[in-house]
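Worksheet: one structure, shown below.
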Amino acid sequence: MNSQQRPCQLAVLVSGNGSNLQAIISRIESGELNAKIACVVSNTPEAFALTRAKTHGIPAVIHQNNGYTSRKAYDAALVEILRGYEVELVVLAGYMRILSEVMISAFPHAIMNIHPALLPSFPGLHAQQQALDYGVKFSGCTVHFVDCGTDTGPIILQAVVPVFQDDTDETLSARIQAEEHRAYPEAIRLFTGGKLLVDGRLVRIQS
Ligand code: GRF
């Protein structure tokens with residue numbers, strides 16, 4: 001990491017627990033990631049991730065759906081919030097809303113998501129249970145850039161875990177989450193270091 005470089009300004013968008021947010025905070029606080037979380041934005045006031053943000057002195061913003069006539073109108077207001085914090089990279093971490101093209105076009109190749117399966121298998125909700133029901137022997141997580149589809153954007157990193165015969169949704173999810181907490185900070189580190197080149201569907205990692 002080049003310590004002379006200004007930290008990359010992140011926004012982390014959440015709806016729930018925020019264990020991935022916590023992993024990113026830890027890597028920043030330990031100096032492994034040259035980034036600053038400019039704000040955490042939740043679409044619900046109940047997200048525990050908001051408490052995590054406040055504990056670490058990070059601005060925590062609640063941006064609810066009330067009063068917006070469309071997804072685009074909601075996202076336009078979200079873009080304004082993020083511009084206000086001079087955000088360079090948007091990190092979706094358990095954010096339970098689909099982004100409209102308003103957000104996608106405002107941050108081209110600068111929105112990441114993490115999905116708890118090896119995409120393109122098992123997109124959408126309940127990915128771990130989908131994997132169990134299908135009977136796969138390996139699953140994992142995928143960090144990808146976000147496009148207008150559901151979990152369809154160019155893949156940055158993947159991590160693989162075994163699936164055991166006696167796994168439940170909970171045991172498999174826990175095994176995948178341990179990998180998420182390594183893969184997401186690593187993908188952000190590559191982005192902040194200017195190492196990710198998007199070439200159509202391919203994300204090339206520069207050495
Ligand atoms: C993770 O499993 C992630 O893959 C999915 O949402 C979950 C968020 O977990 N997109 P947390 O809120 O970061 O603990």
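It should be emphasised that the depicted structure is a prediction, and the values quoted were computed from it without experimental measurement. When a ligand or atom number is given, it counts from 1 through the structure's own listing order.
Aromatic rings from H63 and Y74 are positioned such that their centres are separated by under 6.0 Å.
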May I have the list of side-chain donor-acceptor pairs in residues 7-14 shorter than 3.5 Å, sequence neighbours left out?
{"from": "Q9", "atom 1": "NE2", "to": "Y85", "atom 2": "O", "distance (Å)": "3.0"}

Quick one: side chains of residues 54-62, donor-acceptor pairs under 3.5 Å with protein atoms, not counting sequence neighbours, listed by atom name and distance.
{"from": "T55", "atom 1": "OG1", "to": "T51", "atom 2": "O", "distance (Å)": "2.7"}
{"from": "H56", "atom 1": "ND1", "to": "E29", "atom 2": "OE2", "distance (Å)": "2.7"}
{"from": "H56", "atom 1": "NE2", "to": "Q22", "atom 2": "NE2", "distance (Å)": "3.3"}

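Note on E80 versus R83: no salt bridge recorded, every NZ/NE/NH1/NH2 to OD/OE distance being 4.0 Å or above.
Sorted by chain then number, the residues whose non-hydrogen atoms approach ligand 1 to under 4.0 Å are N17, G18, S19, N20, G94, I114, H115, P116, Q177, E180.
Residue pairs meeting the salt bridge (Lys or Arg N to Asp or Glu O under 4.0 Å) criterion with at least one partner in residues 14-27, sequence neighbours excluded, are R27-E32.
Following chains of ILVMFWY side-chain contacts shorter than 4.5 Å, one cannot reach L118 starting from Y134, and the two form parts of different hydrophobic clusters.
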